[in-house]
Engineer: 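I have a structure I would like to understand better, so I am pasting it below and will then ask my questions one at a time.
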Amino acid sequence: MRDLFLIGFLFSLFAMGLRRPFLLVLAYIYIDIVSPQRLTYYLLNAVPISLIAVVSAVMAWVLVDDKRDSRFTVRQGAILMLLIYCGLTTFFGADFPTEALQKWDWVWKALAFAVFLPLTLRTRLRIEALLLFMILSLASIVIVGGIKTLFSGGGYGELNLMVTNNTGLYEGSIISAVAISAIPVILWLASHGTIFPPDWRVRVFSYALVFACLLIPIGTSARTGLLCIGLLGILMLRDVKRRFLYIGMVAVAGLIAVPLLPSSYTQRMDTIRTYQGDESASTRLAVWKWTLDYVGSHPFGGGFNAYLQNSLSFELTSVEGSAHDSTIERRKATDRGRAYHSSYFEMLGEQGWPGLILWLGINLAGLLRMEALRRRYRAVDDPLHWGGTLAGALQHAQLIYLLGGAFVGIAFNPFLFQLMAAQIGLDTYLSRRTREARTRQMQRRADLPRGAKAV
């Protein structure tokens, strides 16, 4: 039944996309985020639905869609450069050519679609539809995880998010970072969305979804999620009107929530302070040190999955006994082929300094542009004020994602590049609307009789 339902849902999207080409773009977003082929048993997982969706979307845009307002921006060019550079390191400089091709198989699709996607985002409706589809696709995972957390409490490596495949958004730390980063966009849609106009039903669903997103780090016991929640709380201070009231409410909510948290979660969070005794944290530090040593002799990186060659030696520290009579025990540990567990070291180890600098530049450009738009359209009476608030939401989402990326390898996750595409589409749309408004104003002035003043 699950196979038949998903096949029917995707078939409906493709059928409607023949008349509305942008729906094919949304179909690919759903496939990219949810990966429905992982949810099926035997039918859908044998069909290359990702390839079918992207080819259909691009062909529909080329043949049918209106391209008068489409623009190719500098950031799209930078993403294209990153795509080309990753291709060069994969085919001509990879330390593990076969393993590198496995990651390249999905990375190039994420980057190529991020270059293409902004070309289709030429109206407010399309920008909102993209974000709404991203959120609802993510919600299909988050809601399941939130319900399971409420009833079982979850646990590190124990929360089953519909599949047993511990990759992509179905991995605990990744879904925790992405779920928290989505909250600013959810709140924006609840207040400014036009596809589902904000009423009590939309707000109830949105706040329930935010609550489910906050439950994901608890259910997965992901320390990354706790840090992302902390940053979310700080960033929301920028927009609230009564900051002291907000801080007080957050403090009270924290005091109420802490006793209700499952013991597995609080024990896991305690390892943030005692990371020397936690093997997961200690191996991350060892991997990061190895990566810095590696790029010292390989400045252009080792291609995708270059971490497979690392050999680590680190020290674990544990405290035995009571607080008054305790002894510190140290022991040596080793590991091999440990993943980077950081987007920054992932980029550095695989693509070297040029790749890391280019990736950081793309992200920094997005943060700066969103801040510029946020300030330019902050006046409440501005017809484009919605765009300024959306720019702020997208900026906050990216900042939270980048913080989470410091502790989990999600540098090439499609969710990030779809977020970037939304930023580029919003930027070009607001710039075009502003130019059109200035042109109309200049035209009205030119049409006035000599000596008259424009109102």
Side-chain angles (χ1 to χ4, degrees), residues 2 5-6 9 26 29-39 129-190 193 195-196 201-233 235-236 257 260-262 265 393-394 396-398 400-401 403-405 408 410 413-416 418-419 422:
R2 187 195 302 183
F5 170 76
L6 289 171
F9 176 68
L26 299 182
I29 297 297
Y30 169 77
I31 293 168
D32 216 17
I33 292 178
V34 180
S35 300
Q37 63 272 22
R38 298 181 185 176
L39 304 177
L130 167 65
L131 295 172
L132 181 63
F133 227 74
M134 289 173 61
I135 295 301
L136 292 179
S137 298
L138 180 65
S140 66
I141 303 174
V142 168
I143 292 174
V144 171
I147 292 173
K148 289 185 175 182
T149 299
L150 283 176
F151 284 95
S152 69
Y156 185 63
E158 297 179 9
L159 188 66
N160 189 310
L161 298 171
M162 297 187 290
V163 298
T164 55
N165 190 336
N166 194 33
T167 58
L169 290 186
Y170 295 100
E171 194 276 329
S173 295
I174 296 178
I175 188 61
S176 295
V178 172
I180 302 304
S181 69
I183 290 178
V185 180
I186 296 172
L187 294 176
W188 184 88
L189 288 169
I195 297 177
F196 294 105
R201 293 166 297 182
V202 171
R203 290 190 175 91
V204 167
F205 176 82
S206 299
Y207 297 148
L209 183 57
V210 168
F211 181 62
C213 289
L214 293 172
L215 287 176
I216 291 297
I218 298 174
T220 59
S221 294
R223 294 168 294 196
T224 302
L226 177 63
L227 298 175
C228 290
I229 291 174
L231 180 57
L232 171 67
L235 292 174
M236 289 184 68
L260 302 177
L261 295 175
Y265 177 77
L394 293 175
H396 291 175
Q398 188 179 9
I400 296 169
Y401 187 99
L403 174 63
V408 61
I410 48 177
N413 191 284
F415 187 88
L416 173 63
Q418 290 161 12
L419 204 64

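Heavy-atom basis, side chains included; hydrogens, waters and symmetry copies ignored. Values in this document were obtained by computation on a predicted structure and should not be read as measured data.
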Engineer: Of all the heavy-atom pairs spanning Pro217 and Ile229, show the shortest one and how long it is.
Structural biologist: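 Pro217 and Ile229 have their closest heavy atoms at CG-CD1, 4.0 Å.
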Engineer: Can Val408 and Glu171 be said to form a side chain to side chain contact (heavy atoms under 4.5 Å, CB included), step by step?
Structural biologist: CA-CA 10 Å; Val408 61; Glu171 194 276 329; 4.3 Å; yes
Engineer: For Leu189, enumerate each residue passing the side chain to side chain contact (heavy atoms under 4.5 Å, CB included) test, keeping only those at least two apart in sequence or located in another chain.
Structural biologist: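 Here the qualifying residues are Leu132, Ile135, Val185.
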Engineer: Does Ile400 form a side chain to side chain contact (heavy atoms under 4.5 Å, CB included) with Ile183? I'd like the steps, not just the answer.
Structural biologist: CA-CA 10 Å; Ile400 296 169; Ile183 290 178; over 6 Å; no
Engineer: Any idea which heavy atoms bring Leu138 and Ala182 closest together, and the distance?
Structural biologist: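 In this case the closest contact between Leu138 and Ala182 is CD2-CB, 3.6 Å.
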Engineer: The test is side chain to side chain contact (heavy atoms under 4.5 Å, CB included); show your working for Phe415 and Ser181 and say whether it passes.
Structural biologist: CA-CA 10 Å; Phe415 187 88; Ser181 69; 3.8 Å; yes
Engineer: Taking Ile216 as the fixed residue, which of Ile141, Ile175, Val178 is the one that meets the side-chain contact (heavy atoms from CB on, under 4.5 Å) rule?
Structural biologist: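 Of Ile141, Ile175, Val178, side-chain contact (heavy atoms from CB on, under 4.5 Å) with Ile216 is met by Ile175 alone.
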Engineer: Could you pull out every donor-acceptor pair under 3.5 Å between side chains of residues 201-211 and any protein atom, sequence neighbours left out?
Structural biologist:
unit_1, atom_1, unit_2, atom_2, d
Arg201, NE, Asp199, OD2, 3.3
Arg201, NH2, Asp199, OD2, 2.7
Ser206, OG, Val202, O, 2.8

Engineer: Please confirm whether the backbone N or O of Ser137 pairs with a side-chain atom of Ser140, one donor and one acceptor, at under 3.5 Å?
Structural biologist: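 Yes, the answer is positive, given that a donor and an acceptor are paired below the 3.5 Å cut-off.
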Engineer: Given side chains that start at C-beta, do those of Pro184 and Leu235 come closer than 4.5 Å, heavy atoms only?
Structural biologist: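 A side-chain contact is absent here, since even the closest heavy-atom pair is not under 4.5 Å.
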Engineer: Donor-acceptor check, side chain of Tyr401 to backbone of His396, threshold 3.5 angstrom: yes or no?
Structural biologist: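 Answer holds: no.
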Engineer: Rounded to the nearest 0.5 Å, what's the gap from CD1 on Ile410 to CG on Leu169? Could you check?
Structural biologist: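 So the CD1 of Ile410 and the CG of Leu169 are separated by 9.0 Å.
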Engineer: Side chains of Thr224 and Ile180: does their closest heavy-atom pair fall under 4.5 Å?
Structural biologist: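 Thr224 does not reach Ile180 side chain to side chain.
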Engineer: Determine, step by step, whether Ile29 and Leu130 satisfy the side chain to side chain contact (heavy atoms under 4.5 Å, CB included) criterion, reporting the C-alpha distance in whole Å, the side-chain angles of both residues, the deciding distance to 0.1 Å, and the verdict.
Structural biologist: CA-CA 8 Å; Ile29 297 297; Leu130 167 65; 3.8 Å; yes
Engineer: Looking only at heavy atoms, what is the nearest atom pair of Ala177 and Gly404, with distance?
Structural biologist: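 Of all heavy-atom pairs spanning Ala177 and Gly404, the closest is CB-CA, 4.1 Å.
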Engineer: Any side-chain donor-acceptor pair under 3.5 Å between Thr220 and Ser176?
Structural biologist: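 Side chains of Thr220 and Ser176: pair found under 3.5 Å.
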Engineer: Can you list everything that forms a side chain to side chain contact (heavy atoms under 4.5 Å, CB included) with Ala129? Sequence neighbours excluded, please.
Structural biologist: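 Here the qualifying residues are Phe22, Leu26, Ile195.
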Engineer: Closest approach of Val142 and Cys213, non-hydrogen atoms and distance?
Structural biologist: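 Looks like CG1-N, 3.6 Å.
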